[in-house]
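All remarks here apply to the structure that follows.
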Amino acid sequence: MAKPPKNAISPTRSEDYPEWYQQVIKGADLAENSDVRGCMVIKPWGYAIWENMQRRLDDMFKATGHENAYFPLFIPMSFLEKEAEHVEGFAKECAVVTHHRLVDNGQGGLMPDPSAKLEEPLIVRPTSETIIGATFARWVQSYRDLPILINQWANVVRWELRTRMFLRTAEFLWQEGHTVHATAEEAQAETMAILKLYADFAENTMAMPVIQGRKTAGERFPGAVDTLSIEAMMQDRKALQAGTSHFLGQNFAKAQEIKFQSESGELVHAWTTSWGVSTRLIGGLLMTHADDDGLVLPPKLAPAHVVILPIYKNDDQRGDVIAYCESLKAELESEHYDGAPVRVKLDDRDLRGGEKKWQWVKRGVPIRIEVGPRDIAEGKVAFSRRDLGGKPEFLERAGVVKEIAKTLETIQQTLFDRAVKLRDEATVEINSLEEFEKFFAADAPGGLAYCHFVDGPEMEAKLKKLKVTARCIPIDGDAESGECIFTGAASERRGVFARAY
RNA sequence: CGGGCUGUAGCUCAGCUUGGUAGAGCGCUGCGUUCGGGACGCAGAGGUCGAAGGUUCAAAUCCUUUCAGCCCGACCA
């Protein structure tokens, strides 16, 4: 009789981090690889987390005046050609549709019908700036039509050569916001407001601390004048770009003729922005909070806040235990957390207790409550917090119910505080290239390095050798005179450098 | 697109060197024993061995071709 392993997930983070990541996804039943290379199936538990993210973000977008709409999956190939940098950024990873009919290939299979070739190939959207821009060009005539504040929830396809579930897949789900403004200032303000919104969401809903910053030229979105991003640090000390907000200037407006007549009667090009977050956030959520027993979910995103596990030996006990659990569930559900009833799952499947418990541990449910005949007799429950681990506490039933919202908030806060601490411990200021190379040596743990720098090819070359990237220039960083560690030139601000996903 | 590797049960894989009735573990189904903890026993279902061609009395095994996938590199707003 083999003893169960000490941890639910094998290997552990320290043994093999990438493999641990895969196993957490599997253990939590979030997703699996599909029959299509590079594309994944998001399973109900994983999709429920995404739905919770969507709901919250959607409310935030609406509250700031944005409206949802939907644009086509297909984009005429010629649209992509209009913005030079944009082409360069995406052309290499586009799925292309060339035919509209299949015929028998004469060998018992199918092939595209040569007589059904499209006059102009369509590409599957890798992002929608071009087709939305073309649409906006029709919508905008007058300064009175502005601003236009649109968001769409959609799937996009980028034909990636190397994929990792949630972090980089050929198809992924996201939201893309697209706005049009009369002035550069207004568009820049929008870009910044969305960055703040994303940071708010990451920190207060996902409990994932982020750095808000501006991208260097090399990391900018193709076609953007300015790219802002939120950057999070994962438990392996690598950075993850968790959301981007782009000030597109007049680049797309000019490429696509988005023009309007101003108050003074002149015909001028509009200013546009775009911004997005994707299912990649689930990967970030996982790598921020999960441990060697699997996923750990912040209560605000958990599909279930509490799972109740009945424990009984026979059918006689079963009836009593289930009844007690049902009433406990109802009581908990009458409590509110985060503006909605507490989400409770009663797992009465006919499975062994141990196996059942570990399934929920691996799925990351914030609170587990086990109820057996002994607890019923004493008016107690066996109460376990996922973020703490260890043995259950036997608590008074009434107290648990009364405190449930407060407990959930405590868990949410604990996860955030823990993540901040981990990040801060891995953060350093570095003032010389020598120190920098040591910090990012192959066998060093790495982390986030704040350094003076001057953007340019010399820096890019040195970074590439170390497999390090400039993550961003923090927007709340204080101006401070210094010397670029790569070139020695004068610098006014520090940037954040890290290895990244 | 270079370099390496793998295709056998739902999953992970053994068998191939030396050709001779298709295997294991997990999972699944049933029955029983267990049960405050990731159980155990017994019985069972499940595979044209990636595909095509060749050698042979005989091919999962040898040869040729082909398809698919994985890893390393290159690439990756």
Side-chain angles (χ1 to χ4, degrees), chain A residues 1-10 18-19 22-23 26-27 32-38 80 83 85-94 107-109 125-129 156 158-164 167-170 172 174 176 215-229 241 243-246 248 251 274-278 280 293-294 309-315 317-318 321 347 350-362 368-378 380-384 391-394 464 467 469-472 500-501:
Chain A
M1 202 185 314
K3 271 266 177 196
K6 279 195 193 103
N7 299 298
I9 300 298
S10 174
E19 181 60 22
Q22 295 294 123
Q23 292 304 322
K26 196 172 162 189
E32 63 188 35
N33 281 314
S34 71
D35 299 314
V36 182
R37 181 197 151 83
L80 204 67
E83 214 292 330
E85 282 184 39
H86 198 64
V87 183
E88 205 182 319
F90 289 112
K92 279 175 283 186
E93 49 188 38
C94 282
Q107 293 160 42
R125 63 182 165 217
T127 178
S128 304
E129 273 74 9
V156 288
R158 296 176 188 181
W159 212 264
E160 301 287 352
L161 295 174
R162 181 161 297 172
T163 59
R164 294 192 71 185
L167 296 176
R168 176 168 282 118
T169 46
F172 57 91
W174 77 347
E176 48 180 325
K215 286 293 192 184
T216 58
E219 300 284 326
R220 205 174 283 152
F221 177 76
V225 172
D226 204 5
T227 288
L228 304 180
S229 77
Q241 177 178 301
T244 49
S245 180
H246 315 291
L248 303 174
N251 291 350
S274 69
W275 28 275
V277 294
S278 71
R280 174 179 249 207
D293 286 329
L309 304 170
I311 289 161
Y312 48 83
K313 285 188 179 152
N314 51 48
D315 282 348
Q317 288 184 350
R318 185 175 191 279
V321 172
D347 187 354
D350 183 21
L351 265 188
R352 287 183 55 78
E355 189 178 348
K356 208 190 267 188
K357 169 193 140 179
W358 283 103
Q359 284 185 6
W360 292 110
V361 170
K362 286 186 281 191
R368 292 189 311 283
I369 293 178
E370 296 158 42
V371 177
R374 211 151 67 207
D375 306 312
I376 295 176
E378 295 169 15
K380 292 191 171 181
V381 298
F383 181 92
S384 307
K391 296 223 161 148
E393 276 185 281
F394 291 86
K464 186 152 193 176
K467 294 186 172 176
T469 52
R471 299 319 303 156
C472 68
Y501 278 99

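This one's a predicted model, so the numbers in the text were calculated from it and none came from an experiment. Naming: A, B, ... by sequence-line order, numbering from 1 per chain.
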Between A/E129 and A/S274, does any side-chain donor sit less than 3.5 Å from a side-chain acceptor?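 Distance-only check passes for A/E129 and A/S274.
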Between [X] ([atom1]) and [N] ([atom2]), how many Å, whole number?
X: A/Q22; N: B/C11; atom1: CD; atom2: P; answer: 17 Å
X: A/K467; N: B/C76; atom1: NZ; atom2: C1'; answer: 14 Å
X: A/K92; N: B/C1; atom1: NZ; atom2: P; answer: 16 Å
X: A/N33; N: B/C11; atom1: CG; atom2: C1'; answer: 13 Å
X: A/E378; N: B/G36; atom1: CD; atom2: C1'; answer: 12 Å
X: A/D350; N: B/U34; atom1: CG; atom2: P; answer: 16 Å
X: A/K26; N: B/G38; atom1: NZ; atom2: P; answer: 21 Å
X: A/K357; N: B/C35; atom1: NZ; atom2: C1'; answer: 14 Å

In Watson-Crick or G-U wobble terms, both distances under 3.5 Å, what is the partner of [N]?
N: B/U56; result: none
N: B/C31; result: B/G41
N: B/U61; result: none
N: B/A74; result: none
N: B/G19; result: none
N: B/C26; result: B/G10
N: B/U66; result: B/G50

Among [options], the nucleotide that comes nearest once only the side chain of [X] is considered:
X: A/R168; options: B/A74, B/C70, B/C76; result: B/C76
X: A/E93; options: B/C70, B/G36, B/C76; result: B/C76
X: A/L161; options: B/G37, B/G36, B/C75; result: B/C75

A/E370 (side chain) and B/G37 (base): donor-acceptor pair under 3.5 Å: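 Side chain to base: pair found, below 3.5 Å.
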Looking only at side-chain N and O atoms, does [X] come under 4.0 Å of OP1 or OP2 in [N]?
X: A/K464; N: B/C75; result: yes
X: A/R352; N: B/C35; result: no
X: A/R162; N: B/G73; result: yes

For atom [atom1], what is the distance between [N] and [M], given to the nearest Å?
N: B/C49; M: B/G15; atom1: C1'; result: 10 Å
N: B/G47; M: B/U8; atom1: P; result: 15 Å
N: B/G30; M: B/G46; atom1: P; result: 16 Å
N: B/C11; M: B/C67; atom1: C1'; result: 23 Å
N: B/U64; M: B/U21; atom1: C1'; result: 28 Å
N: B/C13; M: B/U6; atom1: P; result: 12 Å
N: B/G69; M: B/C26; atom1: P; result: 31 Å
N: B/C28; M: B/U18; atom1: C1'; result: 37 Å

For [X], answer base if it contacts any base atom (sugar-phosphate contacts may also be present), sugar-phosphate if it contacts only those atoms, and nothing otherwise; contact means non-hydrogen atoms under 4.0 Å.
X: A/G89; result: nothing
X: A/Y501; result: nothing
X: A/P392; result: nothing
X: A/Y312; result: nothing
X: A/D375; result: base
X: A/A224; result: nothing
X: A/K362; result: base
X: A/F172; result: base

Among A/T227, A/D226, A/N251, which one satisfies side chain to side chain donor-acceptor pair (under 3.5 Å) with A/H246?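 Considering A/T227, A/D226, A/N251, a side chain to side chain donor-acceptor pair (under 3.5 Å) with A/H246 is found only for A/T227.
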A/R37 or A/G372, whichever maps to the more 5' nucleotide of RNA chain B: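 The residue mapped nearer the 5' terminus is A/G372.
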5'-most by nearest nucleotide on RNA chain B - A/A382 or A/D35: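 Here A/A382 is the residue nearer the 5' end.
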Nearest-0.5 Å distance, [atom1] of residue [X] to [atom2] of residue [Y]:
X: A/R352; Y: A/K357; atom1: CZ; atom2: NZ; value: 12.5 Å
X: A/L309; Y: A/I369; atom1: CG; atom2: CD1; value: 9.5 Å
X: A/W360; Y: A/R368; atom1: CH2; atom2: CZ; value: 11.5 Å

Would you mind reporting whether A/T244 and A/S229 have side-chain heavy atoms less than 4.5 Å apart?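 A/S229 reaches A/T244 side chain to side chain.
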Closest non-hydrogen atom pair, A/T216 against A/A470: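 Nearest heavy atoms, A/T216 then A/A470: CG2-CB, 3.8 Å.
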Counting only N and O atoms by type, is there a donor-acceptor contact under 3.5 Å from the side chain of A/H86 to the main-chain atoms of A/P222?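 Indeed, once roles are kept as given, a pair shorter than 3.5 Å links the two residues.
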